[in-house]
Amino acid sequence: MLYDEQDILCSMDKIEIHLHPWNEIGRLKQKLITQFADRNTKIISPKNCQSVEMYFNSEKMEKTIGRVAEKTPEVGETVSGLLVKKAFTYQIMALDDLHVFSQLSTTNISQRITIAYTGAFGVLKHRLKQIFESVESLPDEESEGRAFGVHERLIVKYESEKHITLHWRSNPISDMVSDSVVALVLNIGREIPKVAVESEEATKTEEENNYKA
């Protein structure tokens with residue numbers, strides 16, 4: 001290992017320096033002992049194959065700032081926020097404070113995908129209700145009755161007799177929901193005869209629900 005003298009000068013505050021006892025390193029050791037005699041620095045030359053143990057303090061402290069720091073948490077209470085590391089400091093802050101206390105910023109990504117689909121729109125909604133707990137029709141003024149939302153994270157719209165579109169704001173959970181819906185739509189496309197039967201059943205069920213209402 002090669003030692004740069006300038007690097008050593010920058011890190012000589014109460015640090016043990018272990019040097020291999022070669023001739024060149026030996027001269028470096030003597031120079032360091034002379035140059036830093038007034039500091040509390042230990043310079044050790046271990047023998048070949050001699051193990052050397054160095055202990056470092058691994059304790060890290062995080063400081064809460066901004067809205068997160070407005071309330072002092074109780075013992076055992078969970079503190080939620082973004083952990084931001086800058087140099088050797090750690091700060092916990094709210095998402096809305098990120099642009100205030102750092103040079104970082106956030107943005108939202110809205111995604112839209114068009115999928116070929118020639119089946120009945122009611123069948124797709126019926127299938128999704130078998131998988132997801134929350135599948136609700138959107139208000140008529142927004143979708144003209146041809147769209148529904150899945151867990152308030154994804155919107156499925158009927159665009160034409162040949163395709164539908166999915167709309168969602170990108171995040172890990174919404175992306176997972178969209179992947180499941182896409183897979184379901186593609187599977188329905190491979191089951192045309194079965195879908196035709198389910199279309200009749202779904203229409204009948206919807207009519208019965210409307211009659212009861």
Peer 1: Got a sec: does the CD1 of Ile33 have more than 12 other heavy atoms crowding it under 6.0 Å?
Peer 2: yes
Peer 1: Would you give the length of the straight line joining atom OG of Ser80 to atom CD of Glu77, rounded to the nearest 0.5 angstrom?
Peer 2: 9.0 Å
Peer 1: Let's go through Ser174 and Asn171 carefully: what are the C-alpha distance in whole Å and the side-chain angles of both, what is the deciding distance for side chain to side chain donor-acceptor pair (under 3.5 Å) to 0.1 Å, and is it a yes or a no?
Peer 2: CA-CA 5 Å; Ser174 297; Asn171 61 62; 3.1 Å; yes
Peer 1: Going hydrophobic residue to hydrophobic residue with side-chain gaps under 4.5 angstrom, can you get from Phe101 over to Leu82?
Peer 2: yes
Peer 1: Applying side-chain contact (heavy atoms from CB on, under 4.5 Å) to Gln111 and Asp175, what does each step give before you reach the verdict?
Peer 2: CA-CA 9 Å; Gln111 299 200 56; Asp175 292 346; 3.6 Å; yes
Peer 1: Are the side chains of Ser134 and Glu136 in contact, using a 4.5 Å heavy-atom criterion?
Peer 2: yes
Peer 1: Between CD of Glu133 and CD1 of Ile131, what distance do you get to the nearest 0.5 Å?
Peer 2: 12.5 Å
Peer 1: Do Ile115 and Thr165 have side chains that approach each other closer than 4.5 Å (heavy atoms only, starting at C-beta)?
Peer 2: no
Peer 1: Enumerate the ring-ring contact (aromatic ring centres under 6.0 Å, His included) contacts for residues 156-179, please, sequence neighbours excluded, ordered by first and then second residue.
Peer 2: Phe121-Tyr158
Peer 1: If you count heavy atoms of other groups shown closer than 6.0 angstrom to CD1 of Ile109, is the number above 12?
Peer 2: no
Peer 1: Does some side-chain heavy atom of His99 sit less than 4.5 Å from a side-chain heavy atom of Thr106?
Peer 2: no
Peer 1: Would you compute the distance between atom OG1 of Thr34 and atom NZ of Lys29 and round it to the nearest 0.5 angstrom?
Peer 2: 11.5 Å
Peer 1: Step through the shown structure and confirm whether more than 12 heavy atoms of other residues, nucleotides or ligands are within 6.0 Å of CD on Gln103.
Peer 2: no
Peer 1: If you compare all heavy atoms of Ala116 against all heavy atoms of Val185, which two are closest, and at what distance to 0.1 Å?
Peer 2: O-CG1, 4.2 Å
Peer 1: Got Glu62 and Ile92 here, is their nearest side-chain heavy-atom distance under 4.5 Å?
Peer 2: yes
Peer 1: Do the side chains of Glu70 and Val68 get nearer than 4.5 Å, heavy atoms only?
Peer 2: no
Peer 1: Write down the atom of Lys162, the atom of Thr118, and the distance for their closest heavy-atom approach.
Peer 2: CA-CG2, 4.2 Å
Peer 1: His151: what forms a ring-ring contact (aromatic ring centres under 6.0 Å, His included) with it, not counting sequence neighbours?
Peer 2: Phe132
Peer 1: Quick check: is Ile113 connected to Leu184 through a chain of hydrophobic side chains (ILVMFWY, heavy atoms under 4.5 Å apart)?
Peer 2: yes
Peer 1: Quick one, Arg153 and Ser178 - any side-chain contact, counting heavy atoms below 4.5 Å?
Peer 2: no
Peer 1: Tell me whether Leu104 is reachable from Leu95 by hopping between hydrophobic residues (I, L, V, M, F, W, Y) whose side-chain heavy atoms are closer than 4.5 Å.
Peer 2: yes
Peer 1: In Å, rounded to the nearest 0.5 Å, how long is the span from CE of Met93 to CG of Leu98?
Peer 2: 6.0 Å
Peer 1: Calculate, to the nearest 0.5 Å, the distance between atoms CD1 and CZ belonging to Ile155 and Arg169 respectively.
Peer 2: 10.5 Å
Peer 1: With a 4.5 Å cut-off on side-chain heavy-atom distances among I, L, V, M, F, W and Y, is there a chain of contacts connecting Val100 to Tyr90?
Peer 2: no
Peer 1: Let me confirm one number: the OG1-NZ distance from Thr89 to Lys85, rounded to the nearest 0.5 Å.
Peer 2: 9.5 Å
Peer 1: With heavy-atom distances below 4.5 Å as the criterion, would you say the side chains of Phe148 and Leu154 are in contact?
Peer 2: no
Peer 1: Starting from the C-alpha separation in whole Å, work towards a yes-or-no answer on side-chain contact (heavy atoms from CB on, under 4.5 Å) for His126 and Leu124.
Peer 2: CA-CA 5 Å; His126 177 68; Leu124 177 59; over 6 Å; no
Peer 1: Do Arg127 and Ile188 come within less than 4.5 Å of each other through their side chains, counting heavy atoms only?
Peer 2: yes
